Amino acid sequence: MELTGAEIIVRSLLDLGVRHVFGYPGGSVLHIYDAIFKTPEIQHILCRHEQGAVHAADGYARVTGEVGVALVTSGPGATNALTGLATANMDSIPLVCLTGQVPVDLIGNDAFQEADTVGITRSCTKHNFLVRHVSDLARVLREAFHIARTGRPGPVVVDLPKDVTAARCDYVHTDGEVKIRSYNPTVVGNSRQVKKAVAMLLESSRPMIYTGGGVILANAAPELTRFTRLLGAPITNTLMGLGGFPATDPLFVGMLGMHGTYEANMAVSHCDLLVAIGARFDDRVTGKISQFAPGAKIIHVDIDPTSISKNVKVHLPIVGDVKNVLGQMNALLEAQGAKDHQPDLKPWWDQIQSWRDKHCLNYTQKQDCIQPQFVIETLNRLTQSGAIVATDVGQHQMWAAQFYPFDRPRYWLTSGGLGTMGYGLPAAMGAKVARPNETVLLITGDGSIQMNIQELATCCQFHIPVKIAILNNNYLGMVRQWQEIFYEGRYSHSHMAFGPDFVKLAEAYGAVGLRATRPEEVEPVIKKALEIDNTVVMDFRVAEESNVYPMVPAGKALNEMILL
Amino acid sequence: MRHVISVLVENEAGVLSRVAGLFAARGFNIESLTVAPAGDEQTSRITLVSEGDDEIIEQIIKQLNKLIPVIHVVDLTEGAHVERELMLVKVTAEKEVRAEVLRIADIFRSRVVDATPNSFMIEVTGDATKLDACLELLKPLGVIELVRTGQVALSRGNRGMIKN
C-alpha cells in the first residue's frame with residue numbers, strides 16, 4: 001500500500017501500539033498533523049510548550065512502562081524539547097520524540113526554523129536518527145521504539161525532514177523482533193556470578209540492599225520484594241527507586257542519600273555487604289565517595305555495564321536485566337533455604353533499631369503556621385497513600401519523598417537525575433492521561449510551578465484533572481536552605497518576594513484555586529480539592545524558612561548527617 | 001598507560017561525531033584517531049590511541065560499546081599486535097645537506113615522494129617511536145611542515161576482530 005511519509009508515521013505509531021501523542025504543531029510537521037487529523041485512533045494532546053510535551057510523554061511512560069511519544073516542530077520546537085529529553089535521558093525513561101526538520105536539500109543552509117537537531121540532541125538522548133529517505137521511515141521508527149524500551153531505556157529522537165513526510169512509499173506492516181546487529185543488551189545474569197552473589201549473601205551478617213530506578217524500569221518490584229523477604233535484610237531505595245519495595249514494610253529503612261533517613265545512611269555506612277540493584281551510585285546517594293560503605297563488599301546488578309565500577313569499585317558485578325537476575329538469585333535462595341544458612345541478623349537489626357529510634361524525620365507543627373511536611377502528611381492521609389505523585393525539584397521534592405510512602409512502583413514521578421524544575425505539572429498531566437481513574441497529585445513549590453505553569457491550559461482544554469499542591473514559601477527553598485547553612489544566610493536571589501496570586505491564576509486558566517494559610521485549613525482544602533472534578537491549584541502558605549532534614553552536606557560522608 | 005583501541009562501527013553518517021562527542025563529554029583524552037571504511041560498504045574501523053589508568057580505559061571501552069552503531073571494541077594493547085603510522089615530512093635540503101637528508105631517509109626505509117632544488121618530501125611508515133626518531137634527526141636540518149596519520153593497528157595471528 002503506497003502512503004505518504006506522514007501517513008507512514010501515523011500508521012507505524014498505530015502498529016507500535018501508540019494511542020496518545022503529546023505535541024505542538026509547526027511548519028515542518030504540518031503533513032504529520034494532517035495525517036493525525038485523519039486518524040481518530042490517536043489522541044493528540046496539544047501542550048502549551050514543547051518542554052511540557054516531552055515531560056508529559058515522560059510522565060506517561062513512567063506510569064505505564066510504555067514508550068511515551070512527543071511530536072514537535074523543527075528549530076525552536078526541537079530546542080525547547082531538549083530539557084525534556086535530557087530529563088528522560090538521566091532517568092532512563094523510554095520515549096520517542098519526533099522532531100520536524102527542514103527539507104533535506106535545505107539542511108545545512110541556515111533555513112528558517114532549522115536547527116542541527118541530531119547534533120544538539122546527541123548527548124542528551126540514548127540515540128537519534130535523521131531520516132533522509134521515505135523508504136527508511138518505517139524501519140527507523142520500529143528501531144527507535146525498540147532502542148527506547150530495551151536495554152537501559154532512554155529517549156530516542158527521530159528527525160523528520162518535511163519533504164520526507166510528503167514523499168510516497170509502500171508501507172508493509174511488520175511484526176516481530178527488531179534486529180540491530182550492533183545493539184544486543186545483556187539481559188540474563190551470568191550464572192556463575194549469580195551463584196557467587198548468593199554465596200556472599202548467605203555469609204553476610206550485616207547485609208544491606210540498595211535499589212534504584214532500574215527496579216521500577218524493569219518491572220522487578222515483585223522479584224525484589226521476594227528477594228528482600230527471603231533474606232530478611234534491610235532495604236533502602238534511592239529517590240528514583242521509591243515504590244520498588246513497599247515503604248510500609250518493616251524491612252524498609254527509608255530513602256538513602258543527601259536527604260535520606262539516618263537509619264538508611266548509617267546502615268549503608270556499617271554494612272558488611274551492599275547489594276546494589278538497578279542503581280548507579282549517584283553523588284547525591286554516596287556523599288563522600290571514599291567513605292561510602294567503607295567496610296562492605298559490594299555486589300552490583302545493572303543492565304548497563306558502564307554503570308558498574310564507574311564511581312565505586314565493586315567486588316562482584318552482574319550485568320543483566322534486574323528482573324531476570326533477581327529471579328535467578330531467588331531461585332537459588334529458595335532452593336537452598338536462605339534463612340537456614342544465614343548468620344543471625346538480629347544484632348544487625350538491633351543496631352538499625354537504635355538508629356531508627358532517633359526519629360530523624362520529626363518536625364514540630366506549630367499552632368499558627370503551616371509546616372510543609374504537615375501538608376504532605378495530610379495529603380498522604382486523605383489519599384490513603386494511594387495517589388500517583390509527581391513533583392518538581394527542591395525542598396518540596398525531598399519532603400514528598402520523605403513523607404509520602406509508596407508501596408507500589410510507578411506511582412512516583414520525579415526528575416531525579418537532571419533535577420528539572422518545571423517537570424512536575426506536565427508529568428502529572430501525562431500520568432493522568434494514561435491513568436484517568438487514579439488520583440494524580442502534583443506536589444510542587446512556588447518556584448517550580450511557574451516554570452511550566454502554561455500547561456494548566458492543557459489540563460483544562462483536555463479535562464485532565466490533576467490536583468496541584470503548591471508549598472508556597474516565597475522562596476526558592478532549597479537554594480535558600482543552602483545559603484542559610486553554607487553562605488551565612490546571605491539569601492542571594494532566592495527570595496521570590498513577588499509571586500502571582502495562584503488562586504486567581506488558576507481561575508484565569510479555568511481551573512479551581514484554593515488557599516490555606518492556617519494549619520486547620522489544610523485538611524478542608526485538600527478534601528475539597530479531591531472532590532472537585534477539575535484541575536485544582538492548592539496554594540499552601542507554609543513556613544518560609546523550614547529546612548529539609550536530615551541532611552548530608554555536600555562532600556561529607558553519609559554518617560556525617562546533620563539531624564534537626 | 002597508552003592503549004590502542006580498535007572500534008568496528010556501522011558505516012553511517014554521524015558515527016564519528018558520536019565517538020568524538022563521547023570523548024569530549026566525558027573528558028577522556030584522545031592521542032590519535034583514524035577512521036576509514038573497513039573493506040566493505042557497511043562497516044568502518046576506528047583506531048583510537050588514548051592514555052589513562054585501567055579504570056578510565058575500562059570506562060572508555062564500555063562507553064564505546066554503549067553507542068548504538070558500535071559493533072565491536074577491542075583493546076589491542078592487551079595482546080600482540082602490529083601498529084603502523086604514516087608521516088609525510090617536508091625538509092629543507094640545500095646543496096650541502098641534500099645527501100644527509102637522503103641518508104636519513106634511507107636509514108628509516110622511507111621514500112622521497114617529492115623533490116625541489118631546495119627541499120624533499122619524505123614518506124615514512126612505522127610505529128610512533130620510529131617516526132619520532134626519524135623526525136628527531138630531520139629537525140636540525142629544517143623541517144618545513146609535516147603531517148601524521150595517527151596509529152592504525154591490527155592484532156597478530158589468524159583471527160579477525162569478530163568471528164564470522
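Chain identifiers are assigned alphabetically (A, B, ...) following the order of the sequence lines, protein sequences preceding nucleic acid strands; residue numbering begins at 1 within each chain. Worth saying up front: this structure is predicted, and the values here are computed from it rather than measured.
- In terms of non-hydrogen atom pairs under 4.5 Å with chain A, the most contact-rich of B:H72, B:R18, B:E10 is B:R18.
- With a threshold of 4.5 angstrom between heavy atoms, A:R152 approaches chain B through side-chain atoms but not through N, CA, C or O.
- Looking at B:E55 and A:K310, no side-chain N of the basic residue comes within less than 4.0 Å of a carboxylate O on the acidic one, giving no salt bridge.
- Expressed to the nearest 0.5 Å, how far CZ of A:F129 lies from CD of B:E12 amounts to 8.0 Å.
- Within 6.0 Å of CZ in B:R2 there are more than 12 heavy atoms belonging to other residues, nucleotides or ligands.
- Contact of A:D304 with chain B is made through the side chain alone, with heavy-atom distances under 4.5 Å.
- Within 6.0 Å of the NZ atom in B:K62, the count of heavy atoms belonging to other residues, nucleotides or ligands exceeds 12.
- Side-chain atoms of A:K126 do not come within 3.5 Å of backbone N or O of B:I68 as any donor-acceptor pair.
- B:T43 OG1 to A:R181 CZ: the interatomic distance, rounded to the nearest 0.5 Å, is 6.0 Å.
- Neither the backbone nor the side chain of A:S123 comes within contact range of chain B; no heavy atom of the residue lies under 4.5 Å from a heavy atom of that chain.
- Only the side chain of B:Q59 has a heavy atom closer than 4.5 Å to any heavy atom of chain A.
- Listed here is the closest heavy atom pair of A:S309 and B:E58: CB-OE2, 4.2 Å.
- Distance OG1/A:T306 to CD1/B:I60: 13.0 Å, rounded to 0.5 Å.
- In this structure, chain B has a heavy atom under 4.5 Å from the side chain of A:I147, while its backbone stays farther away.
- Nearest heavy-atom pair, B:P69 versus A:H127, reported as atom, atom and distance to 0.1 Å: CD-CE1, 3.9 Å.
- In the displayed structure, B:K130 atom NZ is contacted under 6.0 Å by more than 12 heavy atoms of other residues, nucleotides or ligands.
- Applying the 6.0 Å contact sphere to CG of A:N184 captures more than 12 heavy atoms from other residues, nucleotides or ligands.
- For A:K297, the NZ atom sits in a loose shell: 12 or fewer heavy atoms of surrounding residues, nucleotides or ligands are nearer than 6.0 Å.
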